[in-house]
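All ligand and atom numbering here is 1-based and tracks the order in the structure.
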Amino acid sequence: MDLKVGVIGNGFIGREHIKRINNKLSGARVTAVNDINVEASKKIAEKFGADFYHSAVDLIQSDEVEAVIVASWDPTHAEFVLESIKAGKYVFCEKPLAASAAETLEIIDAEIESGKKLVQVGFMRRYDPGYREIKNEIENKEIGSPLIIHSIHRNRVPEPQFTTEMSIKNSVIHEIDLYRWLLGEDYKLAQVIIPKTSKHAAGKLLDPQIVLLETESGIRIDIESFVSCQYGYDVRCEVVGEEGTVTLADPRQTIKRKSGQKSQHIFPDWSDRFTEAYDIELQEWINDVKNGEMNGPSSWDGYMASYTADLCSQARINNKIVEISAQKCPDFYTE
Ligand code: ISE
């Protein structure tokens with residue numbers, strides 16, 4: 001029997017999830033959709049044979065919905081995740097889990113109170129085959145102990161409402177989660193450096209930014225975030241270890257040699273670059289929900305990412321190196 005999924009938020013990523021669930025993945029179908037853009041959402045409902053709901057809360061409570069995907073605007077995430085927990089339903093929430101670390105803690109309290117792990121956060125990079133390979137290389141001690149990570153996260157142009165704070169809370173939050181997962185360590189220091197601002201950075205946006213993190217054992221990480229780089233989507237990562245390095249390669253890439261030139265395609269955006277990661281992520285989530293267990297990034301991972309991102313923002317605003325104090329993970333998330 002197919003799992004009946006309700007999707008709140010039918011913007012770009014919401015629509016992509018609806019398409020992949022109905023057309024590509026197995027074991028689930030979208031039965032209900034909701035968005036503040038009523039007309040667009042009704043059209044999607046019609047196209048995919050789902051019911052349109054005016055209210056996200058009604059969708060969550062509907063008997064026609066067994067599990068919920070929250071892909072709405074970031075500030076609405078916490079409310080819909082909390083409603084899903086209240087209804088006792090599994091919920092997959094796009095990152096960030098909430099607008100602030102404080103709100104994430106409310107979700108953790110509610111989930112622990114419910115007695116069951118119900119939440120997964122959409123940190124899709126953990127499902128990218130390239131990053132998974134890097135994790136294996138590290139765990140198998142192929143490059144010795146990691147010492148440094150150099151990384152780049154560039155977007156061609158940001159959404160019109162994109163702010164300086166969102167460079168960290170919406171973009172770099174991927175790396176914040178990813179490196180914690182790759183290295184199996186939390187962070188202890190954060191600093192943000194603002195280089196010369198690009199003339200292409202719209203309005204008051206400070207772009208690019210460089211985020212520097214240090215883990216508990218002293219591994220240093222640098223992340224360049226450049227959301228208006230103009231030329232395409234470009235994500236890079238090199239882990240430098242004591243006995244070698246491992247570098248992320250672009251997937252599905254060929255090199256063309258023609259007329260004295262050697263050229264390679266550049267991904268236009270993140271949905272194209274990480275298609276496979278999204279597919280694997282949602283397929284594993286569907287399988288887990290059907291097996292009654294959550295194995296993906298948890299609310300605690302969502303909290304640690306938001307907590308670190310909040311401190312990075314403070315580091316930028318105050319132009320200071322900020323200490324990240326250790327957080328005790330509740331037993332609920334380690335059992
Ligand atoms: C977007 O929300 C994403 O999740 C993308 O992966 C990231 O590259 C982009 O900067 C974010 O705005």
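Listed for the Glu66 side chain is a donor-acceptor partner under 3.5 Å among the backbone atoms of Lys4. Counting only distance, with no hydrogens or angles, the side chain of Lys135 and the backbone of Trp181 share a donor-acceptor pair below 3.5 Å.
Cluster annotation: Leu248 is connected to Ile143 through the hydrophobic network of ILVMFWY side chains, with a link wherever side-chain heavy atoms come within less than 4.5 Å.
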Sub-3.5 Å pairs, protein N or O with ligand 1 N or O:
{"unit_1": "ligand 1", "atom_1": "2 (O)", "unit_2": "Lys95", "atom_2": "NZ", "d": "2.9"}
{"unit_1": "ligand 1", "atom_1": "2 (O)", "unit_2": "Asn170", "atom_2": "OD1", "d": "3.0"}
{"unit_1": "ligand 1", "atom_1": "4 (O)", "unit_2": "Lys95", "atom_2": "NZ", "d": "3.0"}
{"unit_1": "ligand 1", "atom_1": "4 (O)", "unit_2": "His174", "atom_2": "NE2", "d": "2.9"}
{"unit_1": "ligand 1", "atom_1": "6 (O)", "unit_2": "His174", "atom_2": "NE2", "d": "3.2"}
{"unit_1": "ligand 1", "atom_1": "8 (O)", "unit_2": "His153", "atom_2": "NE2", "d": "2.6"}
{"unit_1": "ligand 1", "atom_1": "8 (O)", "unit_2": "Asn155", "atom_2": "OD1", "d": "3.3"}
{"unit_1": "ligand 1", "atom_1": "8 (O)", "unit_2": "Tyr233", "atom_2": "OH", "d": "2.9"}
{"unit_1": "ligand 1", "atom_1": "10 (O)", "unit_2": "Asn155", "atom_2": "OD1", "d": "3.1"}
{"unit_1": "ligand 1", "atom_1": "10 (O)", "unit_2": "Asn155", "atom_2": "ND2", "d": "3.1"}
{"unit_1": "ligand 1", "atom_1": "10 (O)", "unit_2": "Ser171", "atom_2": "OG", "d": "2.4"}
{"unit_1": "ligand 1", "atom_1": "12 (O)", "unit_2": "Asn170", "atom_2": "OD1", "d": "2.6"}

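Using bins of under 30°, 30° to 60° and over 60° for the plane-to-plane angle, the ring pair Trp270/Phe12 lands in the perpendicular bin. Classified by interplanar angle (parallel below 30°, tilted 30° to 60°, perpendicular above 60°), the ring pair Tyr131/Phe274 is parallel.
Using modelled atom types, one finds no donor on one side chain facing an acceptor on the other under 3.5 Å when comparing Glu175 with Ser151.
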